[in-house]
Amino acid sequence: MLKIYNTLARDKQLFVPIDPNAVRMYVCGMTVYDYCHLGHARVMVVFDMVYRWFKACGYNVNYVRNITDIDDKIIRRASENNESIHILTQRFIDAMHLDADALGVQRPDHEPRATQYVPEMLEMIARLEANGLAYLAADGDVNYSVRKFEGYGKLSGKSLEDLRAGERVEVTSDKQDPLDFVLWKHAKEEEAEEVKWDSKWGRGRPGWHIECSAMGSKLLGDHFDIHGGGADLQFPHHENEIAQSEGAHQCQYVNYWMHNGFVRVDNEKMSKSLGNFFTIREVLKQYDAEVVRFFILRAHYRSPLNYSDAHLDDAKKALDRLYTALKSEEGREKGEGSVVVDWNEAYAIRFKAAMDDDFNTPEAIAVLFDLANEVNRSQSEDAARQLKALGGVLGLLGRDATEFLQGAGSDDGMILEQIAARNAAKLAKNYSEADRIRQALLADGIVLEDSAAGTNWRRV
RNA sequence: GGUGCGUUAGCAAAUCGGUUAUGCCCCGGAUUGCAAAUCCGGUUAGCCCAGUUCGACUCUGGGACGCACCUCCA
C-alpha cells in the first residue's frame with residue numbers, strides 16, 4: 001500500500017490511481033539555457049526513482065517531463081551569444097541528456113518542448129478568456145485574473161491577502177491585480193522572429209505557467225495522478241497551473257502534488273541567482289556518477305540535502321561497502337542475468353515497506369546495508385543476487401563490482417606488475433619489500449587485499 | 001511582516017510512545033606474515049522549558065535557532 005506525501009493535503013495519503021493499472025505523472029523539467037546543476041540532478045534522480053518504483057509496483061506509467069525552450073532568459077542568452085534560440089536550446093538539451101544518462105536517469109516517456117505546443121496553449125488561453133478568467137491588458141499581454149479563481153492559494157497555503165501584504169515591488173501596472181500573471185506576452189520589436197507566434201490577441205509568446213498546463217493536459221489528460229517538481233515551484237508556478245487547468249477544464253487537475261527539497265551549499269539553497277551552484281558535469285569530473293546518485297537517494301526526497309566534498313566522499317565509501325559485498329557473487333555466475341527481486345524474501349519485504357512509505361529511500365538503503373552484511377556473513381549467492389536486484393530498483397549496483405571498485409585508470413598494467421612483484425617477495429618471505437610495494441601503491445590510492453584466491457586491488 | 005518546513009550521537013541520515021536504525025569516523029576482539037576487506041563487540045544521540053503518560057527522541061503547548069516561499073528559480 002503506497003503512501004505519498006501530498007502537498008495539497010500536507011499529509012501522507014494512500015495512493016489510489018485514477019486508472020487502477022496506470023499512473024500518469026508530470027514533472028516540471030528544465031529551462032534549457034545553461035548546464036544543469038546539482039539541484040536539477042536531484043529532481044531528475046528523485047522522480048526517476050519514483051518512476052522506477054511505480055513500475056516495480058506493476059503500474060503502467062506514463063511519465064512526462066517537459067522542457068522549457070522559450071523564456072526570457074533563453075532569449076537573452078541567445079541574443080548575447082548571437083545565435084538562434086533553437087541552436088542554443090538544442091545544445092543544452094543534448095547536454096542535459098548526457099548528464100541524466102550518466103546519473104542513471106531513465107528517459108521519461110515524453111519530453112515535450114514548449115515551442116511545440118503553442119497551439120494547445122493558445123486554445124487553453126481562449127478557453128480561460130471564455131470562462132471569464134483571462135483578459136487582454138492595455139499593454140497587449142493576456143493575463144490571468146487571479147481573484148476570479150476560487151481556491152487560488154490552496155496548494156501553497158497562501159491567501160490572496162497574505163500574498164498582497166508581503167508583495168514586493170510590482171512594476172507592471174496593466175494588471176487588474178498585482179498577483180495576476182501573464183498567459184500570453186505580446187511580441188517586442190527587438191526580439192527575433194522565431195520567438196513570435198500569431199494569435200487572436202496579436203503576435204507574441206506564451207507565459208511560463210501555461211506551458212505546463214497545456215502540455216500536461218495534452219499528454220496526460222485534464223485530470224491526472226501525480227505532478228512533481230522542486231519545492232520552489234509550489235508558488236507561484238504550480239498554484240498558477242492549478243488556476244489555469246481547473247479554470248479551463250472545470251475539473252480537478254492533479255490528485256497528488258509531490259515536491260522535492262533543495263540541494264544546499266553551506267546551508268543555503270543552491271541556485272543560479274546565488275551563484276553557489278555546481279554543474280553536474282563539474283561534479284562528475286571528481287566523483288563517479290553512481291556515487292552522486294547514491295548521495296541523492298540516501299536522503300529523503302523532501303529533506304534538504306547539503307552538498308560538500310566530505311559528504312560525497314562519505315557516500316563513495318558507503319557505496320564501496322555495497323559493491324564489496326557483491327564482489328563475492330561475481331565470477332560464480334557471470335552473465336547469469338537473473339537479477340530479479342524475490343519479493344517474498346524478508347529483506348525485500350522491508351525494502352518495499354520503506355519505499356511504500358512515501359518513497360523512504362534512506363530506509364530502503366539501510367535495508368541494503370543489512371542485506372550486504374548478510375551476504376558477507378553467509379556468502380550466499382541468493383542473498384547477493386537479491387542485493388543487486390534491490391539496488392537495481394533504485395538504479396544502483398548495476399555495474400560489475402570489480403569494475404566499480406577499481407574505477408577508471410590507465411595504469412592497470414603497472415598495478416598488476418607490482419602485485420606480481422609483491423607476491424614474489426612474499427613467497428621469498430621478503431616482507432619488507434612486499435610491504436614497501438603495498439605502501440607505494442597505497443600512496444597512489446591503490447589498496448591491495450590479499451585473500452585465499454589471490455590479491456585483489458581497488459581504488460580508494 | 002505573512003506562510004510553511006526543520007532542529008537526532010564526531011559527520012551524514014531514518015524509524016518509532018517502552019526493544020540494535022543504517023553508513024562514515026573512532027575503540028576492542030577474531031582473521032592476516034603484517035595489512036586491507038570481512039565478521040563479532042563497543043563508545044558518541046534526540047535544541048530549551050513545561051505538560052500528557054506507568055513510560056516521550058517520538059504526543060500537546062510555549063520558546064530559541066536555522067532554512068525556504070511570498071520575484072525567475074529544480
Under 3.5 Å for both donor-acceptor distances, Watson-Crick or wobble: does B:C16 have a partner, and if so which one?
none
Which part of the nucleic acid, if any, lies within contact of A:His237, taking any heavy atom under 4.0 Å across all strands shown: a base, the sugar-phosphate backbone alone, or nothing?
nothing
Counting heavy atoms from C-beta on, name the nucleotide in B:A36, B:C24, B:A74 closest to the side chain of A:Asp314.
B:C24
Quick note, A:Lys317 side chain, CB onward, closest among B:G66, B:C69, B:C25 is B:C25
Taking the C1' atom of each, how far is B:A37 from B:C5, in whole Å?
42 Å
On the side chain of A:Lys158, is there an atom forming a donor-acceptor pair with the base of B:C70 - under 3.5 Å, no angle test?
no
Searching all strands shown, indicate the nucleotide that pairs with B:A35 (Watson-Crick or G-U wobble; both distances under 3.5 Å).
none
A:Tyr256: ring pair (Phe, Tyr, Trp, His ring centres under 6.0 Å) partners, not counting sequence neighbours:
A:Phe15
Take A:Asp34 and A:Lys272 through the test salt bridge (Lys or Arg N to Asp or Glu O under 4.0 Å) and record every step on the way to the result.
CA-CA 10 Å; A:Asp34 209 339; A:Lys272 296 223 80 152; 2.8 Å; yes
Base, sugar-phosphate or nothing for A:Gly229? Non-hydrogen atoms, less than 4.0 Å.
sugar-phosphate
Give me the distance, rounded to whole Å, that separates B:C25 from B:G66 when you measure between the P atoms they each carry.
32 Å
Indicate, with a heavy-atom threshold strictly under 4.0 Å, whether A:Asn360 touches base, sugar-phosphate, or nothing.
sugar-phosphate
Does A:Leu448 reach a base, just sugar-phosphate, or nothing at all? Heavy atoms under 4.0 Å.
base
With rounding to the nearest 0.5 Å, note down the distance linking CG in A:Leu442 to CD1 in A:Ile437.
13.5 Å
Scan A:Tyr431 against the nucleic acid and name what it touches under 4.0 Å (heavy atoms): base, sugar-phosphate only, or nothing.
base
For a quick check of understanding: with a heavy-atom distance under 4.0 Å over all strands, which category does A:Lys426 fall into, base, sugar-phosphate or nothing?
base
Using purine N1 to pyrimidine N3 plus N6-O4 or O6-N4 for Watson-Crick, or N1-O2 and O6-N3 for G-U wobble, each under 3.5 Å, what pairs with B:A21?
none
Out of B:C70, B:C34, B:C11, which has the shortest distance to the side chain of A:His311?
B:C11
Polar side chain donor-acceptor pair, A:Glu239 to A:Ser156, under 3.5 angstrom
yes
Of B:G66, B:A14, B:G33, the nucleotide closest to the side chain of A:Arg422 is B:G33
For B:U58, the nucleotide meeting Watson-Crick or G-U wobble distances (both under 3.5 Å) is none
Under 4.0 Å, heavy atoms only, any strand: does A:Asp370 hit a base, just the sugar-phosphate, or nothing?
sugar-phosphate
Identify whether any heavy atom of A:Gly261 sits under 4.0 Å from a base atom; if not, whether one sits that close to sugar-phosphate; answer base, sugar-phosphate or nothing.
base
Report which part of the nucleic acid A:Val263 touches: base, sugar-phosphate, or nothing (heavy-atom distance under 4.0 Å, all strands).
base
Any idea which of B:A68, B:U15, B:C39 is nearest the A:Arg321 side chain?
B:C39
Do A:Lys388's NZ or CZ and the ring of A:Tyr323 fall within the cation-pi criteria of under 6.0 Å and 45°?
no
Under the criteria of a ring-centre distance below 5.5 Å and an interplanar angle below 30°, is A:Phe369 stacked with the base of B:G23?
no
When all nucleic acid strands are considered with a 4.0 Å heavy-atom cut-off, which category describes A:Arg264: base, sugar-phosphate, or nothing?
sugar-phosphate
So what does A:Arg76 touch, heavy atoms closer than 4.0 Å: a base, only the sugar-phosphate, or nothing?
nothing
Would you indicate which nucleotide in B:A68, B:C72, B:U38 comes nearest to any side-chain atom of A:His209?
B:C72
Please state the P separation for the pair B:A30 and B:A36 - nearest whole angstrom.
14 Å
Between B:C49 and B:C57, how far apart are the two C1' atoms, rounded to whole Å?
16 Å
Could you tell me whether A:Ala366 contacts a base, only the sugar-phosphate backbone, or nothing, with contacts defined as non-hydrogen atoms closer than 4.0 Å?
base
A:Lys12 charged N/C atom sitting above A:Tyr5 aromatic ring, 6.0 Å / 45°:
no
Run through A:Asp450, A:Asp435, A:Thr455 and flag the one making a side chain to side chain donor-acceptor pair (under 3.5 Å) with A:Lys426.
A:Asp450
Considering every strand and a 4.0 Å limit on heavy-atom distances, what is the contact class for A:Asp435: base, sugar-phosphate, or nothing?
base
Of the options B:A74, B:U38, B:G66, whose atoms approach the side-chain atoms of A:Asn267 most closely?
B:G66
Is there a Watson-Crick or G-U wobble partner for B:C26 with both distances under 3.5 Å, and if so, which one is it?
B:G42
Return yes if the base of B:A13 and the side-chain atoms of A:Arg298 contain a donor-acceptor N/O pair under 3.5 Å, otherwise no.
no
Take atom C1' in B:C72 and the same atom in B:A68, then report the distance between them in whole Å.
16 Å
Looking across every strand, which nucleic acid part, if any, lies under 4.0 Å from A:Ser451 by heavy atom: base, sugar-phosphate, or nothing?
nothing
Tell me whether the rings of A:His37 and A:Phe277 are parallel (<30°), tilted (30 to 60°) or perpendicular (>60°).
tilted
Among B:A74, B:C72, B:A37, the nucleotide that comes nearest once only the side chain of A:Thr324 is considered:
B:A37
With both distances kept under 3.5 Å, what pairs with B:A68, Watson-Crick or G-U wobble?
B:U3
